[in-house]
Amino acid sequence: MGPLIMNIHLNRRAGSLAARAFVLSLCIAALPALAQQAVSAAEEPAISMAELTRRLERLSAELANVKSELAQVKSQQAATRDAAPTAAGGWNGGGASTQASGGAGAIEQPLPAAQEPATVLSSYGEINYNRPSKATEKSQADVRRLVIGLQHRVNDRTKVVGELEVEHAVTSGEGDPGEVAVEQAYVEHQLTSSLAARGGLFLMPAGLLNENHEPTAFYGVERNFVETAIIPTTWREAGVQLVANLDNGLTLQGGITTGFDLTKWDAASSEGAESPLGAIHQEAAQARARNLTVFGAANWRGIPGLLVGGSVFTGDATHGQAGYPRSRVTLADVHARWTPGRWDLSALYARGSISNTARLNQTLVGNPTLIPKSFDGWYAQAAYKLWSQGDYQLSPFVRYENFNTARSYAYIGQGLTPASADTERVITVGANFWLSPSVVVKADIQRFKVYSQSNRVNLGLGWSF
């Protein structure tokens, strides 16, 4: 049952129970007076006082049951409201989500105690149109993704969260561009009012976007390059983590998970040049796990409208495979977001490194894409809520990005060591128009400094509920 239908049903039930409780209360209040009148009017009343007392007790018991059931229905209403994911971006101007995933946007607070399990269905999706300015013949429309989420609250402390994603609309044959993937599948148990444990496949708490990547949660048709090329959104790992929400506004996350697999690096393709970590992530699909990784993240919201945070992830990535030297992947970021008045300002810097790449690359010489030693990027973004009326809101924005997916290479010999890649600079100017907090229409123009043939106009439609 969807959240809307469930709420309608619970509202009707609550109204019926409240009316019934009111009638019973009137009956109980009136019964003693009626009994006294009956005794006064007849020497031998048809109903004895003992019988009237028994009836009064039955009515009182029935009223108590109705009140208990009414309280239970109200508790279910509260659980349904809080369990349903909220559309991010909304009237904070496309900010961070408060879905079950938590993270830099927000960590979901414990739900009120529910008398019965609550199951909530959620979804998000986006349909995009891209038109290259210098190669209009390459224009394309794409059902970029459709995600169906299911959250079931087993009891007041435990819930199960799952998300299934379909990308590019079609996955019926080997040549189709589409993909079906499990985006999340984890169990969360509330240990205390401020501490929760998660186990399973979950999104990593890195940056501003990875855990809050619904189209209503970010500006622009496409996700920014720094949080796709450097931080490989949507990045998920299998493992365990603890999530602590402290009273001072600090959220701490940390755990042990699977990591990257450098044996997957394809030096003959350009995938690694587009996103080094995106080319070697495992997504818990029969993931190599001899070497597990550790991560930690901190996000502080102690001042209204301000978020400051960072994260770090590190672990071995060759898993003892024959012919591969031990190599460590490390990724870290710092980020901030501030929403004073109508403004929405954010900035992020991320840097990744891979150790022992000289030995790895010696076997790959002659291929176009060797493994970089380091890669990094940053962006700054400003948006302004220009107009709003009812559910409508218009927010223009501008974003500047600076990133390099191969900032440096380890030295492997004169004439063999690749030169550092060019640092790309991208300016994106556009606007988000929300039809409601759950539905957004987007348009923007992107200009590339190095690869200017990538200049394009983008249109998008997205939703999240």
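One-based numbering along the sequence shown. Side chains included, hydrogens not; waters and symmetry mates left out as well; all remaining heavy atoms used.
- In this structure, OG in S454 is found 11.0 Å from CG in N130, a value given to the nearest 0.5 Å.
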Chi angles and distances behind the side chain to side chain contact (heavy atoms under 4.5 Å, CB included) call for I354, S327: CA-CA 7 Å; I354 304 174; S327 181; 3.4 Å; yes
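- Using a 4.5 Å heavy-atom cutoff, the side chains of W434 and S388 are not in contact.
- Heavy-atom contacts from other residues, nucleotides or ligands closer than 6.0 Å to CG of L246 number more than 12.
- Between the side chain of R342 and the backbone N or O of K385, at least one donor-acceptor pair lies under 3.5 Å.
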Test log, rule salt bridge (Lys or Arg N to Asp or Glu O under 4.0 Å), inputs E283 and R236: CA-CA 6 Å; E283 302 176 308; R236 60 260 192 194; 3.2 Å; yes
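- Across all non-hydrogen atoms, the minimal contact from L370 to W265 is O-CZ2, 3.4 Å.
- Aromatic pair F397/F218: ring centres not closer than 6.0 Å.
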Stepwise side chain to side chain donor-acceptor pair (under 3.5 Å) check, D333 with S311: CA-CA 5 Å; D333 91 281; S311 69; 2.4 Å; yes
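- When all heavy atoms of S275 and A229 are compared, the closest pair comes out as OG-O, 3.0 Å.
- Under the 4.5 Å side-chain criterion, counting only non-hydrogen atoms from C-beta, F202 is not in contact with E211.
- A donor and an acceptor atom, one from each side chain of H335 and E227, are nowhere located under 3.5 Å apart.
- The main-chain N or O of A273 is never found under 3.5 Å from a side-chain atom of S270 such that the two would form a donor-acceptor pair.
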Audit row: V161, E188, side chain to side chain contact (heavy atoms under 4.5 Å, CB included) steps and yes/no: CA-CA 8 Å; V161 176; E188 178 173 301; 5.9 Å; no
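- The backbone N or O of G207 lies less than 3.5 Å from no partner atom in the side chain of N210, so there is not a single donor-acceptor pair.
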Residue pair S452, K134: steps toward the side chain to side chain contact (heavy atoms under 4.5 Å, CB included) verdict: CA-CA 8 Å; S452 60; K134 298 183 179 181; 3.3 Å; yes
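- For the pair T318/N356, no side-chain contact is recorded, criterion being any heavy-atom separation below 4.5 Å from C-beta on.
- The backbone N or O of K442 lies less than 3.5 Å from no partner atom in the side chain of N432, so there is not a single donor-acceptor pair.
- In this structure, the side chains of L360 and T363 stay at 4.5 Å or more apart for every pair of heavy atoms.
- Between the CZ atom in R157 and the OG atom in S193 there is a gap of 8.5 Å [rounded to 0.5 Å].
- Residue K264 places its NZ atom among more than 12 non-hydrogen atoms of other residues, nucleotides or ligands, all under 6.0 Å distant.
- Not one N or O on the side chain of N361 forms a donor-acceptor pair closer than 3.5 Å with the backbone of L364.
- Using a 4.5 Å cut-off on side-chain heavy atoms (C-beta onward), V426 and E424 make contact.
- Of the inter-residue distances, the one linking H213 atom NE2 with T233 atom OG1 reads 8.5 Å to the nearest 0.5 angstrom.
- Smallest separation of non-hydrogen atoms from T405 and P372: O-CG, 3.6 Å.
- Remark: side-chain polar atoms of T369 are paired, donor with acceptor, to backbone N or O of S269 under 3.5 angstrom.
- Formation of a donor-acceptor pair under 3.5 Å by the R337 side chain with backbone atoms of D344 is not found in this model.
- Judged purely by distance below 3.5 Å, without hydrogens or angles, the side chains of R288 and T258 never pair a donor atom with an acceptor atom.
- Judged purely by distance below 3.5 Å, without hydrogens or angles, the side chains of T257 and T293 pair a donor atom with an acceptor atom.
- Put simply, the side chain of V450 does not reach to within 4.5 Å of the side chain of T423, judged on heavy atoms.
- The backbone N or O of Y349 sits nowhere less than 3.5 Å from a side-chain atom of R351 that would complete a donor-acceptor pair.
- Crowding of R326 atom CZ: a count of heavy atoms from other residues, nucleotides or ligands under 6.0 Å not exceeding 12.
- Between F448 and F225, the ring planes lie perpendicular to each other; the angle is over 60°, past the 30° to 60° tilted range.
- Shortest non-hydrogen contact noted between Q190 and A196 is OE1-CB, 3.7 Å.
- Looking only at side-chain heavy atoms (C-beta outward), L435 and F433 come within less than 4.5 Å of each other.
- Other residues, nucleotides and ligands contribute at most 12 non-hydrogen atoms within 6.0 Å of the CG atom of D247.
- Between L250 atom CG and S194 atom OG the span is 11.5 Å, to the nearest 0.5 Å.
- Counted by atom type alone, N128 and D142 present zero donor-acceptor pairs between their side chains at under 3.5 Å.
- When side chains are defined from C-beta on, R447 counts as touching S133, because their heavy atoms get closer than 4.5 Å.
- Atom CD of residue E214 and atom CG of residue L209 lie 9.0 Å apart, to the nearest 0.5 angstrom.
- The residue from E167, E222, E126, E165 that alone fulfils the salt bridge (Lys or Arg N to Asp or Glu O under 4.0 Å) condition with R144 is E222.
- Interatomic distance, T428 OG1 to E401 CD, rounded to the nearest 0.5 Å: 5.5 Å.
- A donor-acceptor pair under 3.5 Å links the side-chain atoms of N224 to the main chain of V226, judged by distance alone.
- Across all their heavy atoms, V147 and S123 have their closest contact at O-OG, 2.9 Å.
- Side-chain contact of N245 with T251: a donor-acceptor pair under 3.5 Å is present, judged by distance alone.
- Side chains of R328 and T330: a donor-acceptor N/O pair is absent below 3.5 angstrom, by distance only.
- Across all their heavy atoms, P215 and G125 have their closest contact at CG-O, 3.2 Å.
- A donor-acceptor pair under 3.5 Å links the side-chain atoms of N404 to the main chain of A421, judged by distance alone.
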Full working for side chain to side chain contact (heavy atoms under 4.5 Å, CB included) between T228 and I231: CA-CA 5 Å; T228 51; I231 301 174; over 6 Å; no
